[in-house]
**Q** 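Okay, here's the structure, questions in a sec.
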Amino acid sequence: MRIDVVTIFPGILRGPLAESLLGRAIERGLVEVGFVDPRDFTEDRHRQVDDEPFGGGPGMVMKPEPIFAAVESLGPDRGRTILLSPAGRRLDQELVRELAAEPRITLICGRYEGVDERVVEGLPAEEISIGDYVLSGGEVPALVLIEAVTRLLPGVIGREESHQRDSFEDGILDHPHFTRPASFRGMDVPEVLLSGNHAEVDRWRREAALEKTRRNRPDLLG
Ligand code: SAM
């Protein structure tokens, strides 16, 4: 899979993309991540990517021309073109699965008060939000999306770290996990997990997952 990120701050993503699971996936060629900086597509001396909002008000808005030029430099085969935006469709595991099936996507990171609306209409770009809160830029949301998508790509996660049982994979939360020691500060691991009886363990995990979902996210159970 190929992911291109349109950002004026590629440095925010470079560190996390070099570490751990993402770093290994990139090193092994399972996912390729490129950057395009809208500043490289400005024509003025100050390489200005923002301007005052029409209609007045505080803050600056990202200009359309450098973003259009940056995105269009990737060619017509850039795949789904996504603007990270708090006003977008909320990212969930279903949308992550949908994106992980794409061969290529392009992510646009906003800054300041946001991006000129013509980016959404004219490119066009679909808007995706990582949640109902506001961050200062689209780089961290882009990273969230990249990490969520990458861990679903074939070969990225080994058997021992399988995502099949992760939260949301079957519509409920993951079951609680325990490791050694069996007893810690007076808290004991449920007996059944030490029993070696796989059918019993599976039954316990299913019930514990449902119980946790009821307690923490009853909305998932409808
Ligand atoms: N004025 C905008 C609003 O209220 O919708 C917020 C702009 S925010 C300060 C700047 C940029 O951060 C946005 O253009 C977007 O790219 C990114 N951003 C902030 N919160 C986000 C979220 N929850 N999901 C996705 N992107 C977000």
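Every number for a ligand or one of its atoms is a count from 1 in the order of the listing. Note that the coordinates shown come from a computational prediction; the quantities given were computed from them, not determined experimentally.
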**Q** Does the pair R97/E169 count as a salt bridge with the N-to-O cut at 4.0 Å?
**A** yes
**Q** Thinking salt bridges, do R24 and E27 make one under a 4.0 Å N-O criterion?
**A**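 A salt bridge is absent here (no side-chain N lies under 4.0 Å from a carboxylate O).
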**Q** Suppose we screen for side-chain hydrogen bond (donor to acceptor under 3.5 Å, both in side chains). Which residues come up paired with D116, at least two apart in sequence or across chains?
**A** R118
**Q** Strictly below 4.0 Å, N to O, side chains only: are K212 and D174 in salt-bridge contact?
**A** no
**Q** I need the minimum non-hydrogen distance between T213 and L221, along with the two atoms involved.
**A**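 The answer is CG2-CG, 3.9 Å.
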**Q** Are R47 and D40 within salt-bridge range, i.e. N to O under 4.0 Å?
**A**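 Salt bridge between R47 and D40, a charged N being under 4.0 Å from a carboxylate O: yes.
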**Q** Show me, by chain and number, every protein residue that has a heavy-atom distance under 4.0 Å to ligand 1.
**A**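 The 4.0 Å shell around ligand 1 contains L84, S85, P86, G110, R111, Y112, E113, G114, I128, S129, I130, G131, Y133, V134, L135, S136, G137, G138, P141.
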